Amino acid sequence: MNVNPIIEWAGVLLILGGSLMSLISAFGLLRLPDVYTRSHAATKSSTLAVLLSLLGAFLYFWAHEGYISVRLILGIVFVFLTAPVAGHLITRAAYRSGVKLSESSDDDELEEVLFPEGRNKGS
């Protein structure tokens, strides 16, 4: 049996998995209560969705046409490095600007580290 159809199907399954992860990410953005948990859904699952889709496209084109796309590899590396960092910086900016946690959050352990004199007095 030829290996190319197996690799093609692996690529198709990875693209399908990326589509499902994208759908889960969209539900997370709609259903989660505050900006911090939404940012988590936007960065973690969306990054995984894009990486699975790009990897699936890379495998499909490699098996079907014998074409190794440097652009897809660079896209995978770029998304893997930049999306979590951007999500972290957006969440950090939201926290420092005073966006409230959701009602269901138990404890804010970072407040006494970043704002030892209190949020209202020294920031």
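Small disclaimer: the values here were computed from a predicted structure and weren't measured.
Put simply, Leu13 and Leu52 are part of two different groups of oily side chains (I, L, V, M, F, W, Y) that touch within less than 4.5 Å, one to the next. Cluster annotation: Leu59 is not connected to Ile15 through the hydrophobic network of ILVMFWY side chains, with a link wherever side-chain heavy atoms come within less than 4.5 Å. Under a hydrophobic-cluster definition in which Ile, Leu, Val, Met, Phe, Trp and Tyr are linked whenever side-chain heavy atoms come within less than 4.5 Å, directly or via other members, Phe80 and Leu55 are assigned to the same cluster. Leu48 and Leu81 fall within a single hydrophobic cluster, where Ile, Leu, Val, Met, Phe, Trp and Tyr side chains are chained together by heavy-atom contacts under 4.5 Å. In this structure, Leu16 is not a member of the same hydrophobic cluster as Val12, with clusters built from ILVMFWY side-chain heavy atoms closer than 4.5 Å.
Within the 4.5 Å cutoff, side-chain heavy atoms of Phe27 are placed close to those of Leu23. Ile68 has its side chain within reach of Phe58: a pair of non-hydrogen atoms, C-beta onward, lies under 4.5 Å apart.
A distance-only check finds a donor-acceptor pair linking the side chain of Thr47 to the backbone of Thr43 [under 3.5 Å]. Side chain of Ser53 to main chain of Ala49: a donor-acceptor pair is present (N/O by atom type, distance under 3.5 Å, no hydrogens or angles). Counting only distance, with no hydrogens or angles, the side chain of Asn4 and the backbone of Ile7 share no donor-acceptor pair below 3.5 Å. Side-chain atoms of Tyr95 do not come within 3.5 Å of backbone N or O of Tyr36 as any donor-acceptor pair. Under the 3.5 Å distance criterion, the side-chain polar atoms of Ser25 are matched with a main-chain donor or acceptor of Ala41.
Other residues, nucleotides and ligands place no more than 12 heavy atoms under 6.0 Å from the CD atom of Glu103.
Evaluation of the ring-ring contact (aromatic ring centres under 6.0 Å, His included) rule for Tyr60 yields His64 as partners, not counting sequence neighbours.
Atom CD1 of Ile90 sits about 14.0 Å away from atom CZ of Arg38, to the nearest 0.5 Å. For the atom pair CG of Leu14 and CG of Leu51, the computed distance is 11.0 Å after rounding to the nearest 0.5 Å. Here the straight-line distance linking atom CZ of Arg31 with atom CD1 of Ile24 works out to 15.0 Å at 0.5 Å rounding. The NE2 atom of His40 lies 11.0 Å from the OG atom of Ser46; values are rounded to the nearest 0.5 Å. For the atom pair OG of Ser45 and CG of Leu29, the computed distance is 7.0 Å after rounding to the nearest 0.5 Å. One distance of note links CD of Glu8 with CH2 of Trp62; it measures 11.5 Å at 0.5 Å rounding.
In plain terms, the two heavy atoms of Ala94 and Val35 that are nearest each other are CB-CG1, 4.1 Å.
Partner of Thr37 under the side-chain contact (heavy atoms from CB on, under 4.5 Å) criterion, chosen from Thr91, Leu101, Leu32: Leu32.
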